[in-house]
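This report concerns only the one structure given below.
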Amino acid sequence: GKEKWPRGDEKTWKEGFRSVNTEVPSITKSIVNHVQTSLARQAYNLDDLGAYQAAALSVRDDLILNWNETQMHYTRKAPKRAYYLSLEFLMGRTFDNALLNLGLKEQYREGITKLGFNMEDLLEQERDAALGNGGLGRLAACYLDSSASQELPVWGYGLRYQYGIFQQLISPEGQQLEQPDPWLAGGENPWELPRLDVTYEVRFYGTAERLPEGRALWQGGQEVLAVAYDVMVPGCYTKNTNNLRLWESKPKRGFDLNSFNAGDYEHAVESSNSAAAITSVLYPNDHTTFGKELRLKQQYFWTAASLADIVRRFKNIGKPFSAFPDYVAIQLNDTHPTLAIPELMRILIDEEEIPWGKAWDIVTNTVFYTNHTVLPEALEKWPVPLMEHLLPRHMQIIYDINLFFLQAVEKKFPGDRDRLARMSLIEEGFPKQVRMAHLACIGSRKVNGVAELHSELVRTTILKDFVEFEGPSKFSNVTNGITPRRWLDQCNPELSALISKTLKVDKSVWLKDLDKLKELLPYAEDAGFRKEWAAIKQRNKERLAHHVQTTLGLTVNTHAMFDVQIKRLHEYKRQTLNILGVIHRYLTLKQMTAAERKKVNPRVVFFAGKAAPGYYIAKLTIRLIVNAARIINADPETRDLLTVYFLPDYSVSLAEVLIPASDISQHISTAGTEASGTSNMKFCLNGGLLVGTVDGANIEIAEAVGENNVFFFGHLTPAVEDLRYQHMYHPVPVEEKCPPLAKVLDCVASGMFGDGGVYEPLLNTIRQHDYYLITEDFESYIGALAMVDQAYLDKEEWIKKSIRTTANMGKFSSDRAILEYAESFWNIEPVKVA
Ligand code: OAK
């Protein structure tokens, strides 16, 4: 029979219900309650950390209410849902973001002040959730914010790493040192809900025995438990609060009781250690394939747990599996979750007993694949022997997919053996390897790149054969975006307030309809407005200077132009070009007379970013930056005009201080190598101008803000291949090709910045193959920087450019991007929680 709900007396239940605390007295009451009970502390021994924890727990209560209601509403309505599978979610801090999205920041500020604390100090207590390396992980975080804000039924699935991206220290010699990031060590993480009851068993190794009708029996091996932790993702000015489900690995049994009873304690815990290891650490490699068994284990553990969860939720709706694509869309964030394709095939065929052809139809109507790089070294490949050992059933399925696929290719292009070899899921060699991008491509409904140029490169280079085989309509573009909540309202509150005041509209409107910024355009002509605009930039520069003063003890000249390059250290991103340009500037200043120097714009150059621990050349670049900074900053002749800082331990939170303070930022990748870039969008949204190559999203930014507001330089993508070829077969020494650069390289080699010999391997990458074309682009780069100097002399004109840039950045809201995914790929609609 039907149970009465709620149990007991309904009125008593209802009286117990609470809603979100929106008034200061109820907020302070809730904070004090948490101090007394959750923290078991007293008013008289509470420090900033304790106050932060209590305030965070109070906000958490509100998020839980909204989250609960949202999940219940989604379950009742059973709409089609989308799932964003990403091995990285670079969330940063949550407290400030949650307060702003709930619209409760001012109430909390007042309450916290009443309790004798300072809001800004409490915000600083939170550690970043840094479960990502760079662009791909931060994009996932922006997309979650936009999904919730647009009231879309989207969940994220990822891993709950015990250790996020390493903390970076810089030794006195300028070496990067890595330290673990035990971000959960402080005890409770208020932003997650442990769901110890939501668990799945995940199998590794064992044997797969083929059965009739294409099925198989996979058994034996090792079984590990996946436990769900739910991270609440509040939308902006909406009740909708979505879910990011992160999996933690646990041994299926605490330990081996037989060994324990036999007195073999070490053996008893061995298997539990290996299970826990799966989610222990984020791999700190960006844009590289690593081929490590533990990484493949992470990938399977996460896709298997996520798919089991998705399938279970689908089954609760009670529809036949043929309707699966009408209720589920799965987005692969690069190839890391590609095992979702053979795993879903395995579930459908082996567990649900669906025939191969129908199963393949379901999969290829459910899965979508986004590519995030065309760099060959980043295209994932897994050795067949490793795959066979760890996932024997999946390897069978991959071989079967490949067989049917190649038969179809052969039918369309009879006798074209080279084509078959190029397109195969298996790369011949010792060992053979599985090409994950090929598998992701043929198993997906749509494939997209992340900016127009990049999507075109995907179509014409790495997946060219697949476009020829499947036709062009499967391959498209969604240009990346960023959330204006974190990347304007949160990081630049004064600018946000000025915009609302000027547009005479509440920020709740324009933050969710960023094209409204266009209405700022006429104010570029308003001298009073320009003055306010410039004053805010100046205060943001002072805020950054204060940060550098308190964290590094260095005094920054806030009257200089702030020039910023912050991103992962990589040869293709060419931090080397930047630092060699800085040295060139230094040498030029040294040669000037005092009178000439008087006319020069002072400039402060900031660098920040991490290098993969094993990336020797990237680490040498950091070393050169740090040592050049040491010499240049100490030179009394030039130090008023040029200083350089390498800020250690780049993070989301550090970016939030750097970006609003920048006058100019650098996005100077070799043309065709940076898929999109997203920090370029963040700088421009905050009124910083951009110096960059004709690459990635720089191109679309220039289209939007006007080419006269962007400083472009360098060779274009079509020239790059030719230049590399020429360089390979007709090498011309740097001394001939670019004398000013040769001079800079000589200064480095001769020991101007400490032992020159140390830098030889770095200098040789330029003198020898120069794969990233530093020599080819150097003079045009120096020219662009001179244009920047020239433009900065006309302060009023510069501010106009700054205003016009911000005003034209509407396109780059991640709301626009996520709606494109929702409408043209996933076919999902908003489900508003009333
Ligand atoms: C990381 C690992 C493997 C493959 C790609 C990445 C990655 O981070 N790619 C970056 O993705 C960003 C988001 O789409 C882009 O903006 C960057 O240009 C791209 O390098």
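These values consider heavy atoms only, across backbone and side chains, with no hydrogens, waters or symmetry-generated copies. Start at 1 and go down the list; that is how both ligands and their atoms are numbered.
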Show the protein residues that qualify under the rule heavy atom under 4.0 Å from an atom of ligand 1, listing them in chain and number order. G135, L136, L139, D286, H287, D334, H336, H372, T373, V450, N480, Y572, E674, A675, S676, G677, T678
Could you tell me if R568 and N133 have a donor-acceptor pair between their side chains, going purely by distance under 3.5 Å? yes
Between Y781 and F713, is the gap from one ring center to the other below 6.0 Å? yes
Hey, would you say the Y771 and H769 ring centroids sit under 6.0 Å apart? no
Looking only at side chains, do W247 and S306 share a donor and an acceptor under 3.5 Å apart? yes
Please list, chain by chain and in numerical order, all residues satisfying ring-ring contact (aromatic ring centres under 6.0 Å, His included) with F606, sequence neighbours excluded. F562, Y645
Look up atom CE in M387 and atom CD1 in I398, then write down how far apart they are to the nearest 0.5 Å. 4.0 Å
